[in-house]
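One structure below.
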Number of protein chains: 2
Amino acid sequence: MGSAKTFRHGQNLRLVTSERIANQEELRRRLWTQRLRVTQATLSRDLQELKLVKTPEGYRPASALPEETAPIPPLARALGEFLLDIRPAENLLVLKTPPSGAQPLAAAVDGAKFPEIAGTIAGDDTVLIITPNKRQRESLQQKIESFVGRPLRSRAS
Amino acid sequence: MGSAKTFRHGQNLRLVTSERIANQEELRRRLWTQRLRVTQATLSRDLQELKLVKTPEGYRPASALPEETAPIPPLARALGEFLLDIRPAENLLVLKTPPSGAQPLAAAVDGAKFPEIAGTIAGDDTVLIITPNKRQRESLQQKIESFVGRPLRSRAS
DNA sequence: CAGGTCACTGTATTTTTATACAGGAGGCTG
DNA sequence: CAGCCTCCTGTATAAAAATACAGTGACCTG
C-alpha cells in the first residue's frame, strides 16, 4: 500500500496549513478522527519529508531553501497528494487542493498532456482546467476520477 | 545587569546565522568559548524571543518563513473595501478590485462559503468566480450585490 | 529601611521530537 | 520459490526543547 503515505502527506499539509497544530501529538489526534492511525514517529518523518518546520504559530513550509526544485510530480502521485475535490462547471473543471497545492497539481496535469485540455490556470488552492466543450470536460473528468481510487470529500469553500 | 541579555541575543544571532548550529546544546558550547555561561533553558528562551526557528539547516529567522495567514476579512468589509465592479459572464463572475485587492477579496469570498461557488481564482486586481451554471451565477451575483449598499461603477483598470 | 514588583536566570522536570532497530509487505532476479 | 532488495512503519528509547518553580538582584515607593 504505497499510496497511503502520499495521501497522508496531503492530509498533513492540509491540516497543518488550515488550522493551528501545536505538536505532532495533536496532529496525530486530528488524523485519528479521519481513520488515519499513525504514530508520532511516522509524523516526525512526514513533517521532515514535507519540509515543514515548527514555529510558535504552528508548522510552516521551510521555504527559501536553495534545494532542488521538485521535478514535476507524476500525475497519479500529485492527485493522491493534493486533490481534494473535483467540481465540473460546463466546459470547465475546477480542482480543489490544500493551500499552495494548486501549482504542483497543475504542473502535473499539464505534464500529462491530456488532449481534452485547452489550458489550465492555477491559483493557490484551485486549479481551473479549460476544455473546448462540455463533452470533452466530461471525458477528462472521468479520466481524472479514475486516477483517484478514493472518494473525494466535497468541501464547501 | 540588564545588558547581558541583549548582548547575548546579539551573539546568538551572529553565531546562528554565520555557522550551522544544530541544537541549543551546541549553541551553548559555542557561547561558552566566549565566556558566556548560560544554560540550555536560557537559550530556549532566547531563541524564542529572537523568533528563530529550528530547521534541518540550523536556526532561521521566522521572518524568512511564509507569513501568518492573515485572518480572512469578513465579507462585507472586504467587499466595501475592495470591490470596484461586478462583471457577469455566463457561469462566471468577475470581480474587479484595486491593484493587489484580489487576493484578500477572494479569501473573504471563499470564507463566506457560498454554495453556488465551485471555485475562485485571484490574480492581482481580478477575482474570477466559477459557478456550475448561469443560474447559480445569477443567484450569487444577487447576493453579492445585496452586500454592497452603494452602486458600483465600472472603472477601467 | 521594609515591602513590593519586575526582569532574568538556573535547576529539575516534563513535553516534544528524532532515531536505532526490527519486522512486514511488495517487487525483482535467477 | 528462495534470496535479496527497498520502502514503510511501529516500538522503544534517546535527544532536544520547553517550562514550572524558585531564587536573586535591581529598582521603586512610602
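A, B, ... follow the sequence lines: proteins, then strands. Residue 1 opens every chain.
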To the nearest angstrom, how far is [X] atom [atom1] from [N] atom [atom2]?
X: B:L31; N: C:dT9; atom1: CG; atom2: P; result: 12 Å
X: B:D46; N: D:dA17; atom1: CG; atom2: C1'; result: 13 Å
X: B:N23; N: D:dA15; atom1: CG; atom2: P; result: 11 Å
X: B:Q24; N: D:dT19; atom1: CD; atom2: C1'; result: 12 Å
X: A:L47; N: D:dC8; atom1: CG; atom2: P; result: 16 Å
X: B:L27; N: D:dA17; atom1: CG; atom2: P; result: 10 Å
X: A:I21; N: C:dT17; atom1: CD1; atom2: P; result: 11 Å

Between B:Q48 and B:K54, which residue's closest nucleotide on DNA chain D lies nearer the 5′ terminus?
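By nearest-heavy-atom nucleotide position, the 5'-most residue is B:K54.
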
For B:R45 and for B:Y59, find the nucleotide of DNA chain D with the closest heavy atom, then tell me which residue's nucleotide is more 5'.
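Going by which nucleotide is closer to the 5' end, it is B:Y59.
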
So what does B:T42 hit on the nucleic acid, given a heavy-atom distance under 4.0 Å: a base, only sugar-phosphate, or nothing?
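Result for B:T42 = sugar-phosphate.
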
Describe the nucleic acid contact of B:R28 in one word from base, sugar-phosphate, nothing, applying a heavy-atom distance below 4.0 Å.
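Result for B:R28 = nothing.
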
Tell me, with the steps shown, if B:L92 and B:L128 meet side-chain contact (heavy atoms from CB on, under 4.5 Å).
CA-CA 7 Å; B:L92 307 176; B:L128 174 63; 3.9 Å; yes

Strictly distance-based, threshold 3.5 Å: is any side-chain N or O of B:S18 a donor or acceptor partner for the main-chain N or O of B:R14?
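Yes: the side chain of B:S18 pairs with the backbone of B:R14.
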
So, is A:R8 near the phosphate of D:dT9, with a side-chain N or O under 4.0 Å from OP1 or OP2?
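True: A:R8 side-chain N/O within range (under 4.0 Å) of D:dT9 OP1/OP2.
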
Phosphate OP1/OP2 of C:dG10 contacted by B:T39 side-chain N/O (<4.0 Å):
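Answer is yes, contact under 4.0 Å.
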
Classify the side-chain pair B:E25/B:Q40 by whether it contains a donor and acceptor separated by less than 3.5 Å.
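No.
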
What's the closest nucleotide to the A:Q40 side chain, out of C:dA18, D:dA18, C:dT9?
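The nucleotide sitting nearest to the side chain is C:dA18.
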
